[in-house]
J.: 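Have a look at this one.
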Amino acid sequence: MTTSGVRVRIAPSPTGEPHVGTAYIALFNYLFAKKHGGEFILRIEDTDATRSTPEFETKVLDALKWCGLKWSEGPDIGGPYGPYRQSDRKDLYKPYVEQIVTNGHGFRCFCTPERLEKMREAQRAAGLPPKYDGHCLNLSAEEVTSRVAAGEPHVVRMKIPTEGSCKFHDGVYGDVEIPWDAVDMQVLLKADGMPTYHMANVVDDHLMKITHVARGEEWLASVPKHILIYQYLGWEPPVFMHLSLMRNADKSKLSKRKNPTSISYYTALGYIPEALMNFLGLFFIQIAEGEELLTMDELAEKFDPENLSKAGAIFDIQKLDWLNGRWIREKLSEEEFQHRVLTWAMENDRLKEGLKLSQSRITKLGELPDLTGFLFKSDLNLDPSAFAKIKSTPEELLEILNTVQPDLEKILEWNVETIEAELRAIADRMGKKLKVIVAPLFVAVSGSSRSLPLFDSMAILGRSVVRQRLKLAAQTVATLVGPKN
């Protein structure tokens, strides 16, 4: 594997809470750059304009900085190959797409979303994987010109070879071969003029002189498309490395539906960044027992990209807890420990906002721990009796908790106003009074039926902690619901 002049990147999409999987891939790239004296670059991939928000971009940058990762080029600090945000680069891509079309490697597709959906339904019904059927592949140049001139909406798709397979070498998987008939005629340019992920990704990696692309194994199947785009534009592809996905102990994919995956959840619970990076870094190195406690510099020293496991990285929360405890006890001085505790308590204004809400609700300061303690707890240790004072039946409580959880995910900006608006909308949709909806949420979020104001508490705790507390509350209430007949 050639490593001269190494330039690697992490390219997150700001479409949700930053995920520990992003930190995992970022850490690999960071250690790779550090090991080879190269550059680590941050690029924001926000071609999904409907889901990307400035709030989520800020959260991504803050989360990666909290992890202790430093980049030499990025949207916040600039650099020689900027801009580092795809939406700021949108005018760059079209000429490359036109070049692909002009050279006969791409075509304009006028198929409507309705036609494409019917096509996919028919393919699924026939037991075939859904992919584009080539309907617009052989339109005459005259027809294409007249339809474009008439202002008919269209996308640009890439042509795919009809025979043989794409062979390439992957830094983790070795030699890989994917038949061309398994590769879709990917859209390169959307009807709104924005490039798709695949097109923007290749153009940006080339223009930013990226030498090694290290990302999750879910992108392995996209490599043939990317290699073709490089070929169609006459460019040299980078070295590809596809890392095994992090998985739960039962080997299922790590997802927020099963386990907390947001970096913000781990910061809120008081994990320290060195321990989280230590934990993730152990997936990339070989060590003997007793050598587990490692700083970032020690991880970089032991980092060996030639011997990566394809077996999958198991996200073992007990091991993370063990490492975090050791870091707190063995690596922090008394002064540093005190500083970390105060910084953690004040994160996201948790202490300040909690005290502000408490002032009108107490008669003496000694009542503060009982009133505000839930803002700082790792686990409320709810038991079914906590819901006993609520008038709703267990079945109704479970319905409320199971409805509220996914609906809260729809909120783009998480604050008191948006939480209240969404909960009022849920109450309307469910045909229930707001107080019936919020009663179990009080218990789920604070562990008590009387506490600080609910909407404010949810805003202070943050989306990822609220998500986990609602999930645990639903599991608790489910034990009260008898088996279905």
Side-chain angles (χ1 to χ4, degrees), residues 5-16 18 22 25-26 29-30 33 38-65 69-103 105-106 108 153-158 186-216 219 222-223 225-238 240:
V6 162
R7 285 176 62 81
V8 293
R9 50 70 169 174
I10 178 74
S13 297
T15 54
T22 303
I25 301 292
N29 280 283
Y30 178 79
E39 302 292 336
F40 171 61
I41 292 119
L42 174 71
R43 183 172 77 225
I44 294 292
E45 301 207 331
D46 58 350
T47 52
D48 185 347
T50 53
R51 291 171 60 226
S52 299
T53 70
E55 181 205 15
F56 283 137
E57 181 182 316
T58 301
K59 286 192 168 178
V60 167
L61 295 178
D62 289 349
L64 293 175
K65 284 175 188 167
L69 299 170
K70 296 181 181 73
W71 42 93
S72 50
E73 300 166 32
D76 53 336
I77 53 174
Y81 301 100
Y84 293 89
R85 189 181 292 108
Q86 277 181 344
S87 57
D88 294 339
R89 300 169 66 83
K90 62 178 183 286
D91 299 331
L92 277 172
Y93 307 106
K94 205 167 183 181
Y96 296 109
V97 175
E98 293 302 332
Q99 185 183 329
I100 288 172
V101 174
T102 304
N103 292 340
H105 300 309
R108 300 186 198 283
H154 64 279
V155 299
V156 175
R157 291 181 183 274
M158 67 191 296
Q186 179 67 48
V187 173
L188 300 179
L189 197 71
K190 294 181 267 194
D192 63 1
M194 276 299 273
T196 56
Y197 164 84
H198 301 276
M199 184 70 202
N201 190 276
V202 168
V203 171
D204 287 346
D205 282 345
H206 174 75
L207 295 180
M208 291 181 182
K209 299 191 174 350
I210 300 303
T211 58
H212 297 72
V213 169
R215 56 193 175 193
W219 294 107
S222 297
V223 173
K225 296 176 195 176
H226 298 174
I227 285 177
L228 271 187
I229 297 171
Y230 279 105
Q231 284 176 0
Y232 290 164
L233 293 169
W235 296 339
E236 187 70 31
F240 293 107

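The shown structure was predicted, so the numbers you read here are calculated from the model rather than taken from an experiment.
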J.: With sequence neighbours left out, write down each residue that passes side chain to side chain donor-acceptor pair (under 3.5 Å) with Arg215, or none if nothing qualifies.
T.: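 Arg215: side chain to side chain donor-acceptor pair (under 3.5 Å) contacts with His226, His242.
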J.: Mind checking the CG-CG spacing from Leu61 to Leu69? Nearest 0.5 Å is all I need.
T.: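 Answer rounded to 0.5 Å: 11.5 Å.
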J.: Do Glu73 and Arg7 make a side-chain contact, defined as non-hydrogen atoms from C-beta onward lying under 4.5 Å apart?
T.: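 Of all side-chain heavy-atom pairs linking Arg7 with Glu73, at least one is under 4.5 Å.
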J.: With Ala214, which residues qualify under side chain to side chain contact (heavy atoms under 4.5 Å, CB included), at least two apart?
T.: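 Expected list: Phe28, Asn29, Met241.
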J.: Could you check whether any side-chain heavy atom of Leu189 comes within less than 4.5 Å of a side-chain heavy atom of Met199, counting everything from C-beta outward?
T.: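 The answer is no; the side chains never approach within 4.5 Å.
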J.: Hey, are the side chains of Tyr96 and Leu207 touching, using non-hydrogen atoms and a 4.5 Å cut-off?
T.: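 Side-chain contact under 4.5 Å: yes.
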J.: Which atom pair, heavy atoms only, marks the closest approach of Val6 to Thr211?
T.: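 So the two residues come closest at CA-OG1, 3.4 Å.
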J.: Where is the tightest heavy-atom contact between Pro75 and Leu42, given as atom of each residue plus distance?
T.: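 Taking Pro75 first and Leu42 second, the nearest heavy atoms are CD-O, 3.5 Å.
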J.: Assess whether side-chain contact (heavy atoms from CB on, under 4.5 Å) is satisfied between Arg85 and Glu57, documenting all intermediate values.
T.: CA-CA 10 Å; Arg85 189 181 292 108; Glu57 181 182 316; 2.8 Å; yes
J.: Are Lys190 and Thr196 packed together at the side-chain level, in the sense that at least one heavy-atom pair is separated by less than 4.5 angstrom?
T.: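 Touching, per the 4.5 Å side-chain cut-off.
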J.: Could you list the residues that satisfy side chain to side chain contact (heavy atoms under 4.5 Å, CB included) with Lys59, not counting sequence neighbours?
T.: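 Counting only residues at least two positions away or on another chain, Lys59 forms a side chain to side chain contact (heavy atoms under 4.5 Å, CB included) with Glu17, Pro18, Glu55, Phe56.
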J.: Does Glu39 have any side chain to side chain donor-acceptor pair (under 3.5 Å) partners at least two apart in sequence or in another chain, and if so, which?
T.: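 Expected list: Ser72.
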J.: Using side-chain heavy atoms (C-beta onward) and a distance below 4.5 Å, is His212 in contact with Pro238?
T.: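 Counting from C-beta outward, His212 and Pro238 never come under 4.5 Å.
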J.: Using a 4.5 Å cut-off on heavy atoms from C-beta on, say whether the side chain of Lys65 contacts that of Asp76.
T.: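 Contact flag for Asp76/Lys65 side chains = yes.
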J.: Could you please spell out the steps behind the side-chain contact (heavy atoms from CB on, under 4.5 Å) verdict for His198 and Met158?
T.: CA-CA 11 Å; His198 301 276; Met158 67 191 296; over 6 Å; no
J.: Between Asp192 and Met194 (side chain of the first, backbone of the second, donor and acceptor by atom type, cut-off under 3.5 Å), is there such a pair?
T.: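 Checked: pair present.
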J.: I'd like a table of donor-acceptor pairs (distance under 3.5 Å, sequence neighbours excluded) in which one partner is a side-chain atom from residues 227-237, with atom names and distances.
T.:
residue: Tyr232; atom: OH; partner: Lys159; partner atom: O; Å: 2.7
residue: Trp235; atom: NE1; partner: His206; partner atom: NE2; Å: 3.4
residue: Trp235; atom: NE1; partner: Leu233; partner atom: O; Å: 3.4

J.: Testing the basics here: between Thr22 and Pro12, what is the closest heavy-atom pair and its distance to 0.1 Å?
T.: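 Result for this residue pair: CG2-CB, 4.0 Å.
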J.: Would you check if Pro195 and Val97 make a side-chain contact, meaning some heavy-atom pair closer than 4.5 Å?
T.: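 Heavy-atom side-chain distance check fails, nothing below 4.5 Å.
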J.: Keeping to residues at least two apart or across chains, list the salt bridge (charged side-chain N to carboxylate O under 4.0 Å, His left out) pairs with something in residues 193-212.
T.: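 For residues 193-212, and leaving out neighbouring residues, the salt bridge (charged side-chain N to carboxylate O under 4.0 Å, His left out) pairs sorted by first residue read Arg9-Asp205, Arg43-Asp204, Arg43-Asp205, Arg89-Asp204.
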J.: Quick one: are Leu64 and Trp71 in side-chain contact, heavy atoms under 4.5 Å?
T.: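 Leu64 reaches Trp71 side chain to side chain.
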J.: Shortest non-hydrogen contact from Leu188 to Ile100?
T.: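 Shortest heavy-atom separation between Leu188 and Ile100 comes out as CD1-CD1, 4.0 Å.
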